[in-house]
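Read through the structure below, which is laid out as structure tokens, and then see the notes.
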Amino acid sequence: MEIPKAYDPQSAEEPIYQFWLKKNLFKSVPTQTKKSFTIVIPPPNVTGSLHMGHALNNTLQDAVIRYKKLCGFNTCWVPGTDHGGIATQNVVEKILLSEGKNKNELGREKFLEKMWEWKNESGEQILNQLKKLGCALDWDRTRFTLDALCSRAVNEAFVRLYQKGLIYRGRRLVNWCPRCMTALSDIEVEHEEEIGKLWHIKYPLKNQRTEDRGQGTEKREERREKYTGSGKSKEFKAVHPFRFTLSALRHFILSPLASRQPRATSHEPRATSHQPPSTDFVVVATTRPETMLGDTAVAVHPDDERYKHLIGEKIILPLVEREIPIIADNAVDITFGTGAVKVTPAHDPSDFEIGMRHNLEKIVVIDYDGKMLNAGKYTSQDRYHARKEILKNLQEAGLLLETVEHPHSVGVCYRCSTTIEPLISEQWFLDVKEMSGAAVLASKNRKIKFYPASWEKPYLLWLENLKDWCISRQIWWGHRIPVWYCAKQENRGQRSEVGHQLSVDSCQSPITSHQPLETCPPIVSAEKPEKCPHCGGTDLKQDEDVLDTWFSSALWPFSVFAWPENQRTEDRGQGTENRGQRTEVRGERTENRGQRREKREERREKYTGSGKSKEFKAVHPFRFPLSALRHFILSTLVSDLSYYYPTSVLVTGHEILYLWVARMVQFGIEFMGEVPFREVYIHGIVRDKFGKKMSKSLGNVVDPLDIMKKYGTDALRFAMISSASAGRDIQISEDSFVGARNFANKLYNAARFVLLNLQSVDLENIDIEGEKPDKTDRWLIYELSILLTEIKTNYENYELDKSSRAIYDFTWSKYCDWYIEFSKERLYGDDLSAKKTASKVLVNVLIALLKVLHPIMPFITETLWQSLRESLKGVAIEESIMLSSFPQKTLPSSWRQDSENVNTLIDLISKIRSVREEMRVPSSVVVNLVLKTDKKTLFERIEKDSHYIRKLARVGDITALKVNPTECAYGVVSGIEFFIPLKGLVDIKKEKQRLEQELEGLKKFRSTIQVKLKNENFVKKAPPAEVENTKNKLSDTESKMEKIAENLKYL
RNA sequence: GGGCGUGUAGCUCAGUUGGUUAGAGUACCACGUUGACAUCGUGGGGGUCACAGGUUCGACUCCUGUCACGCCCACCA
């Protein structure tokens, strides 16, 4: 049999994957006999193809799944893709644009057709890439976040949350991306540091100051009261009886208190404090002058001595000539800028809050597309162009004072990096207070464990400070909001389209009350309603908006198992009941599971059973086949949800911890009454070799497919896993793949060695228990048992990097460098039984290595497994390595010895090699070795190993002497002294120098030990074992030195 | 402004609860066609463990501070 000299992943991988598929090895079905181990894939967006981050994420998951399968779990890894909302729509829009089309011309329906075309293409590509990666995904379970099952879940979730009063609609300030033309949630805004400018602008006071002065302070006090707003909040409440934001509530409660507790007075204004404030104007500082057109107040801190007297005065807003008040608000920082803030409630979050407190008008001056609106001559100008114009005009009017460089962070869209515009618009919101509280509790009750644990803190911090979630998006690609409006109240349901201009009026109220007066209320329903339940009208229009893509992602861990169809009422009741009782204790959980299973069986019978179908058939005699089939399918899936949920672990990068993980937990608890996963394994982000994030714009993207093609999938996987240490981002370069590829080849060749050897030995079995082991056999097996315990722990703790490195080291240095070399002596010898023993050890350890490495390098390990299976015809070996089991400790009890012995032998051989090389004895020269010994036993011991020494250190005769010979190279290791006669080979002086140097090094080492031992405190306080240890070191060193010194005499 | 993380050989990184003369891979140098492997073997050079204090008999490891880099969060105009 010919075995190629090098491993060729290209030809090996594809057939192996097909083999797994054919054998149904990825398939999972609920069983009573096995515990489940479940992962739902973080569904990649269908935005094209997979990048390195995906490759890492899925490799890790696959490794975990394969490991757990070897451990005997019923593993289930659910594949799928995400529609990816804005991201995907952007991709398709771009493509259209390159074809000279735009989506508005196409219209919603046609555009969505294009989207689906794209989805099918990209989705397939992604799934294929996952196959190339070797992922053991249960393909029959493939889902898409926008497919019928997931959509059903989304609608159901929406309706339930709405009915609970957690989802509401409101007109509020949101993050708006003028390029994507949609609202975004707070986490979808990224912050970029930018050196901007802080412009100081004069705002002239209204020329009524003299009048005021005459009227004395009384009026001023009155006015101040009015503008600091103690009465305001009540008014606010009265005007908006239905729903107001959380923050408004907070402010309502806090602000009167806050105004009674002025800020620390140490915040005295600097230089300006002594200067009498100008009587003509107030200077405000702003980074966004264009928003001044929408200013409706200037705010100062109530305790700011510079401005106290101006509170309640009026200002004439430059360029606009509108009269606006000076108000006092605690949010103003006395130390920043001039201490006076222009307030633009319609375009700045904190101004919005101030506006709420003071019931300021909210004037919209920037439209959805980023162009100016209601802005006089600036109308329709781009916001940045208008900025320039406004600055120019202010300058001309002499109102622009100074311009200061000002570093600050700018919010940008996470999908297109366009600067976010805070805008007022009508959106759907989800009140998350209760859910986030439950999620926090779950974490604190240890329902979820983080790996590494350090991620729990930021995760909790995030949850604890969560604000309401804006869930509506003004795009087309996504789950349409399941709300319908009756024609009678159509005006309520409309959101302004592109180019629609908001009137000043429509923005006056920050929150729109839902209440129709004589019109029908919106219909919130999981299915499209046939008619309006109020008036019976059939002219219903669905809400134009779609849901945030993360809304459907948050349902993923149970929507993939066909929630809510599979969740029966009793299940839900039980879930809620058990919420508090469920514990981490395995036993209890299993019990629960058992009970649940019973119920499930009952239920299944009920729904699949004859009774149900007949009943169904009777009612719907015509449509029977399809829907009945659907019901049948759904009811068989019933078991899935309870069998697989909660899933075992979620594997993800930290960049979507908040965006996704936190939300899954909240929704999981909300709808399932149980966290969606027990463990969260968080890995780093893939960066290039300079530590930069990979991005298309930087051009540093590495395509995993290229790497797989060039180095093989296993090399890609090994490189990623071995550099993915906990809590760290990973830097990856071409070198890491080369190393991994070489390792694959090394393993392949080790196996090749074993296989070739098997051709000449006939093994009827591979049991080692009855064999007579060589000391090297015992050594290897012992070392293996240490390795196994070590990597088992690593795998369990999701420290796959450690596993991979440990396996690498063992395979390369212990198995290949030493054991294979040791074994050759017996394999090529005449002693058949010795040959058999060595072969068995080789095979056994190789099998163990293949198994433990399989999760990381599935292809090559399966390939070699198959070859072994073929070679070991008479021996029962599982059909696939995937059907085997993780190796137990393989050390027979009688073998527990000799490890030290072999380590000494290794040291001795290494030392001989080292001396040879240092003395530049050519390796072609076979030298003789003389051992100095007067202890017969020592020589005998060495003599037994002499064949190893001869072979591995390239030594000829080995003899023993009692006195030092002359003209020899000398070495001492573990008390064994050896000599290599060098006469005629090399210059003896060199050897003298070499030994003197070695002696020098030892001397230094000795003195550090001596210092330590002379230290009374060390001897007194250090643990005795440590002192003993140090003493031994000293005597070892000293004896070594003596020996070398002694030998020097003979040179 | 807060929080977290990182700083160990030219490069990429290991280093478990404090006790090694600080390791690996790679790169570099030398030697090597020994019947698994040149995608290899053998040997070698290369580090004040960012810096400064402290705790300790003993610090790469623990504490404090400083510097550098990175990330996350935050309404500071």
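Quick note on labels: first sequence line is chain A, next is B, and so on, each numbered from 1. Just so it is clear, the model here is predicted, and its values are computed rather than measured.
- Phosphate proximity of rA77(B) to His406(A): present, with a side-chain N or O under 4.0 Å from OP1 or OP2.
- A donor-acceptor pair under 3.5 Å links the side-chain atoms of Ser722(A) to the main chain of Phe718(A), judged by distance alone.
- rG5(B) atom C1' lies 14 Å from atom CD1 of Ile682(A), rounded to whole Å.
- Using a 3.5 Å distance cut-off with no hydrogens or angles, the side chains of Tyr203(A) and Asp295(A) do pair a donor with an acceptor.
- Taking the P atom of each, rU16(B) and rA22(B) are spaced 16 Å apart, rounded to whole Å.
- A side-chain donor from one of Glu734(A) and Tyr711(A) sits under 3.5 Å from a side-chain acceptor of the other.
- Using a cut-off of 4.0 Å between Lys/Arg side-chain N and Asp/Glu carboxylate O, Glu991(A) and Arg994(A) are scored as salt-bridged.
- Separation of the P atoms belonging to rG7(B) and rU17(B) is 15 Å when rounded to the nearest angstrom.
- When base pairs are accepted only as Watson-Crick or G-U wobble with both N-N or N-O distances under 3.5 Å, RNA chain B takes part in stems of 3 or more pairs at B:1-7 with B:67-73, B:10-13 with B:23-26, B:28-32 with B:40-44, B:50-54 with B:62-66.
- Per the geometry, CD belonging to Glu1000(A) stands 14 Å off C1' belonging to rU21(B), to the nearest Å.
- Donor-acceptor pairing under 3.5 Å is recorded for the side chains of Glu918(A) and Ser914(A).
- Closest contact between the side chain of Gln731(A) and the listed nucleotides rA77(B), rC13(B), rU21(B) involves rC13(B).
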Check the interface with nucleotides 2-4 of chain B: list each N/O to N/O pair with the protein under 3.5 Å, or write none.
residue	atom	partner	partner atom	Å
rC4(B)	OP1	Lys457(A)	NZ	3.4

For nucleotides 14-17 of chain B, give me every protein contact, N/O to N/O, under 3.5 Å, one pair per line with atom names.
residue	atom	partner	partner atom	Å
rA14(B)	OP1	Ser725(A)	OG	2.5
rA14(B)	OP2	Arg728(A)	NH1	3.1

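- Lys911(A) comes within contact range of no nucleotide atom at all, as no heavy-atom separation falls under 4.0 Å.
- Counting only residues at least two apart or on different chains, the side-chain hydrogen bond (donor to acceptor under 3.5 Å, both in side chains) pairs with a member in residues 805-816 of chain A are Glu783(A)-Lys814(A), Asp801(A)-Arg805(A).
- Separating the CD atom of Glu402(A) from the P atom of rA77(B) is a distance of 16 Å, rounded to the nearest angstrom.
- Taking the P atoms as reference points, rG23(B) lies 28 Å from rG5(B), given to the whole Å.
- Here the P atom of nucleotide rG44(B) and the CD atom of Gln997(A) are 13 Å apart, to the nearest Å.
- Between the side chains of Thr291(A) and Asp348(A), no donor-acceptor pair is found at a separation under 3.5 Å.
- The distance between atom CD1 of Ile354(A) and atom C1' of rC75(B), rounded to the nearest whole Å, is 9 Å.
- Using atom P as the reference point in both rG10(B) and rG45(B), the two lie 15 Å apart (nearest Å).
- Nucleotides rG70(B) and rC57(B) have their C1' atoms positioned 39 Å apart, rounded to a whole Å.
- Taking the side chain as every heavy atom from C-beta outward, Leu56(A) and Ile730(A) approach each other to under 4.5 Å.
- Arg288(A) has a carboxylate O that lies under 4.0 Å from a charged side-chain N of Glu421(A), or vice versa, which qualifies the two as a salt bridge.
- Remark: the separation of the C1' atoms in rC51(B) and rA59(B) is 15 Å, to the nearest Å.
- The distance between atom NE2 of His191(A) and atom C1' of rC71(B), rounded to the nearest whole Å, is 14 Å.
- Of the two residues contacting RNA chain B, namely Lys1012(A) and Asp351(A), the nearest-nucleotide position lying further toward the 5' end is that of Lys1012(A).
- Atom pair Glu193(A):CD and rC73(B):P shows a separation of 13 Å (rounding to whole Å applied).
- The residue among Ser409(A) and Ser722(A) whose nearest nucleotide of RNA chain B is located toward the 5' end is Ser722(A).
- Atom P of nucleotide rG70(B) and atom CG of Asp729(A) are separated by 13 Å, given to the nearest angstrom.
- A gap of 15 Å separates the C1' atoms of rC60(B) and rU21(B), to the nearest Å.
- Checked for salt-bridge contact, Glu1000(A) and Lys1004(A) miss the test: no charged N lies under 4.0 Å from a carboxylate O.
- Qualifying side-chain contact (heavy atoms from CB on, under 4.5 Å) partners for Val925(A), counting only residues two or more places apart in sequence or in other chains: Val921(A), Pro922(A), Val927(A), Leu985(A).
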Practice problem: Assign a letter to each nucleotide of nucleotides 33-42 of chain B from its 5' end: B, base within under 4.0 Å of a protein heavy atom; S, sugar-phosphate only; -, no contact. | Solution: -BBBB-BSSB

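- When distances run from any side-chain atom of Asp348(A) to the nucleotides rA77(B), rG25(B), rG19(B), the shortest one goes to rA77(B).
- If you check every strand for non-hydrogen atoms under 4.0 Å, Arg920(A) touches sugar and phosphate atoms only.
- Ser185(A) and Glu188(A) are linked by a side-chain donor-acceptor pair at a separation below 3.5 angstrom, with hydrogens and angles left out of the test.
- Listed for the Gln10(A) side chain is a donor-acceptor partner under 3.5 Å among the backbone atoms of Lys709(A).
- For His358(A) and Asp329(A), the side-chain atoms include at least one donor-acceptor pair closer than 3.5 Å.
- Residues Ile424(A) and Lys362(A) are in side-chain contact: their nearest non-hydrogen atoms beyond the backbone lie under 4.5 Å apart.
- No side-chain donor from either of Asp1036(A) and Asn1032(A) sits under 3.5 Å from a side-chain acceptor of the other.
- For the P atoms, the distance linking rC37(B) with rU42(B) amounts to 15 Å, nearest Å.
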